[in-house]
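Quick note: residue numbers are just sequence positions, from 1. As the structure is a prediction and not an experimental result, all values here were calculated from the model.
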Amino acid sequence: MKKKKVNLRDINPKEHQGEHSHDDGHNHDHGDGSAFKTYIPAIVSFVMLIIGIAVDYFDAIPAFKGWVRIVWYTIAYLPVGFPVIKEGWKSIMRGDVFTEFFLMSIATLGAFAIGEYPEGVAVMLFYAVGELFQNAAVNRAKGNIKALLDVRPNEALVYRDGDFVSVNPETVEIGEKIQVRVGEKVPLDGILLSEKGSFNTAALTGESKPDTIAKGDSVFAGSINLDGVIEVETTKEFKDSSIARILDMVQNATARKSKTELFIRKFARIYTPIVVFLAIGLTILPYFFVNDYVFRDWLYRALIFLVISCPCALVISIPLGYFGGLGAASRNGILFKGASFLDAMTQVNTVVMDKTGTVTKAVFKIKEIVTGSAFAKAEFMKYLMAMEEQSTHPIAIAIMEYKAEGADYNATDVSEIAGKGLKGSVNGKTVLVGNKALMTANQIEVPAETDNIVESIVMVGIDGAFAGYVTIADELKDDAHQAIKQIRDSGVSKIIMLSGDKDSITQQVAKELNIDWAKGGLLPEDKLNEVEELKKQPETKVAFIGDGINDAPVLAASGVGIAMGGLGSDVAIETADVIIQTDQPSKIARAIKIGRSTRRIVWQNIALAFGVKVIVLFLGAGGLATMWEAVFADVGVALLAILNAIRLQKMKWE
């Protein structure tokens with residue numbers, strides 16, 4: 001069945017062409033005055049209905065009979081009934097006969113035909129009120145997602161012709177200098193030119209804590225500048241900025257329907273024609289089997305049957321539940337690329353994760369400095385730093401952060417020995433910096449104790465003698481232990497670590513975090529093979545967590561690909577199914593919990609809608625239910641399902 005929201009005002013024909021669904025973007029975001037106008041038709045109908053029922057009940061106005069009564073209830077019916085009848089007719093003209101508009105029109109006009117005017121008005125009025133509540137609920141559920149649109153910058157102060165001028169961000173080119181004032185949004189991705197900056201990235205990451213960065217660091221569009229006027233050199237065009245791509249992804253997230261949603265839609269298309277023909281049969285067939293057949297009574301039962309059978313609660317509350325889940329996730333800094341992945345997260349029982357950048361900070365630091373008797377620590381580090389200054393390797397960068405007192409040494413004639421390290425001259429001494437293979441190749445004896453060191457180790461030889469070594473280690477993220485515990489508590493039975501780092505380090509981290517199984521020294525294709533093997537196991541649903549860059553093949557191949565810190569990673573946004581916008585692995589368990597909460601509420605709504613409808617359908621067919629029970633079975637159950645779905649927007653997941 002094709003389902004669409006009806007605005008109880010004049011409907012814009014341009015908004016109602018082509019395929020329709022209840023989440024087609026028919027927007028009801030209004031200001032206060034406009035919102036009130038939306039409710040006026042329902043208010044007019046309600047007041048006239050109550051007056052009419054009161055006059056009928058108390059027989060207060062003798063003249064309120066015959067055509068006067070018919071005209072009164074017709075006027076009460078038109079404000080809420082005409083838009084529905086009009087939309088039903090349009091649907092028929094498009095070849096789509098069995099819509100809820102058709103059901104409601106036939107049921108209420110039929111009630112008028114048999115003289116049940118108050119009930120005809122009441123059914124259409126409650127349906128219209130239900131639509132208004134549904135529209136409000138959908139808008140509210142989408143609010144968390146649409147809030148991202150507010151971070152889309154609409155102007156940029158760019159330096160041109162000796163001055164900063166305000167332009168549309170889409171016209172700014174790569175490499176131009178832009179200025180961002182306090183309280184303004186950064187319009188494009190770039191590199192900070194000012195000495196430092198403090199930014200509110202809550203709309204992008206879900207984290208309220210300000211992010212302070214230094215000169216040369218990356219700045220992302222949509223961040224709010226908190227401290228002083230800053231200047232940024234743009235590195236991407238607006239259409240390629242992280243926020244633009246995230247917005248595009250979020251706006252299209254609802255297009256990827258879950259299997260449950262798709263099933264209900266297909267079911268409704270089959271179910272609705274069936275109940276229409278059953279209603280016709282309920283009106284006509286008893287003539288052949290019932291002795292005291294009264295057409296009016298059986299038509300009334302059939303009309304009740306039609307009202308009850310309208311699948312509003314199912315077709316509306318299920319997408320609303322997924323809207324709520326997607327919105328709640330985005331509020332928590334988690335982006336799902338569609339409702340299908342909310343469902344997929346609920347089935348995950350095996351989590352495979354990368355090490356570097358996922359549970360560790362991917363920031364190397366000196367852990368220990370060990371020197372021989374020939375050199376003091378400060379002098380030893382000056383020799384080492386003079387050599388590493390010539391390298392851009394992450395380990396070299398970590399070594400260069402060491403603060404050595406006194407004048408710096410300079411290295412000359414530095415050459416790189418592939419796979420082993422560096423060779424050069426410092427203060428007239430020949431210096432070797434690298435691994436054990438480099439020392440051995442130059443006949444330098446290495447202490448046996450170094451064989452038991454798990455961390456990355458940089459050895460130094462000076463003038464043919466072993467001078468000492470430095471161990472370098474990557475730090476665990478602050479919430480790494482908490483993340484593993486929460487993932488396990490969420491029902492995941494197996495946690496595996498696959499890393500490109502050497503196996504001894506991988507095993508050490510896995511042991512520290514209490515991970516079930518780990519393997520290091522893997523290339524991206526090796527990780528892919530491991531995940532493919534896991535997927536072959538029956539009942540195994542794999543989620544892979546990586547940094548979204550070198551793990552792209554595995555992210556794409558796994559049941560659910562989760563990218564960490566995806567805000568600055570184009571590959572993550574392109575490849576992953578779920579993006580954790582911060583670098584917090586603890587958000588993974590939260591993503592699983594949000595998926596399960598969403599699925600639980602969706603299935604609660606399905607059970608509620610089917611359960612009540614089946615009961616009242618039988619009562620209606622048996623003549624034991626009136627139009628009022630039918631209204632509850634349709635609109636009442638739909639409203640209950642909506643209220644249940646709205647709970648997602650209030651939930652907390654810790």
What residues form a salt bridge (charged side-chain N to carboxylate O under 4.0 Å, His left out) with [X], not counting sequence neighbours?
X    : answer
K536 : E533
D478 : K361
E237 : K239
R181 : none

Apply side-chain contact (heavy atoms from CB on, under 4.5 Å) to [X] and list each qualifying residue two or more places apart in sequence or on a separate chain.
X    : result
M400 : M385, E388, E389
S456 : I395, I472, I505
N349 : S493, T540, K541
T346 : R596, R599

Please output the side-chain donor-acceptor pairs of residues 417-425 that fall under 3.5 Å, not counting sequence neighbours, one pair per line with the distance.
none

Apply side-chain contact (heavy atoms from CB on, under 4.5 Å) to the pair I515 and M353, showing each step before the final yes or no.
CA-CA 10 Å; I515 288 173; M353 60 177 60; 4.3 Å; yes
Chi angles and distances behind the side-chain hydrogen bond (donor to acceptor under 3.5 Å, both in side chains) call for S586, D479:
CA-CA 6 Å; S586 55; D479 63 337; 2.5 Å; yes
Inspect the surroundings of CD in E525 and state if more than 12 heavy atoms from other residues, nucleotides or ligands are less than 6.0 Å away.
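Yes, because the 6.0 Å sphere around CD of E525 holds more than 12 heavy atoms from other groups.
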Atom NZ of K535 with >12 non-hydrogen neighbours under 6.0 angstrom
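Above 12, so yes.
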Of all heavy-atom pairs linking V229 and V182, the shortest is N-CG2, 4.2 Å
Holding to side chain to side chain donor-acceptor pair (under 3.5 Å), I want the full list of residues that pass it with Q443, two or more places apart in sequence or in another chain.
none
N-O pairing of K367 and E455 below 4.0 Å:
yes
Given side chains that start at C-beta, do those of [X] and [Y] come closer than 4.5 Å, heavy atoms only?
X    : Y    : value
N410 : T412 : no
V414 : M387 : yes
M564 : P585 : yes
Q537 : L534 : yes

Scan for side-chain hydrogen bond (donor to acceptor under 3.5 Å, both in side chains) pairs involving residues 427-442, sequence neighbours excluded, and state none if there are none.
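Residue pairs with at least one partner in residues 427-442: K436-D451.
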One pair to check against side-chain contact (heavy atoms from CB on, under 4.5 Å): V186 and L188. What are the steps and the verdict?
CA-CA 6 Å; V186 178; L188 297 100; 5.9 Å; no
Ring pair (Phe, Tyr, Trp, His ring centres under 6.0 Å) pairs touching residues 352-378, sequence neighbours excluded, are F375-Y383
Examine Y159 together with F164 and report whether their ring centres are nearer than 6.0 Å.
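Distance test on ring centres: under 6.0 Å, yes.
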Any side-chain to backbone donor/acceptor pair from T471 onto I457? Under 3.5 Å, distance only.
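Answer holds: no.
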What residue among I213, N225, L193, I178 forms side-chain contact (heavy atoms from CB on, under 4.5 Å) with I230?
N225
Answer with yes or no whether the side chains of D343 and Q347 bring together a donor and an acceptor at under 3.5 Å.
no
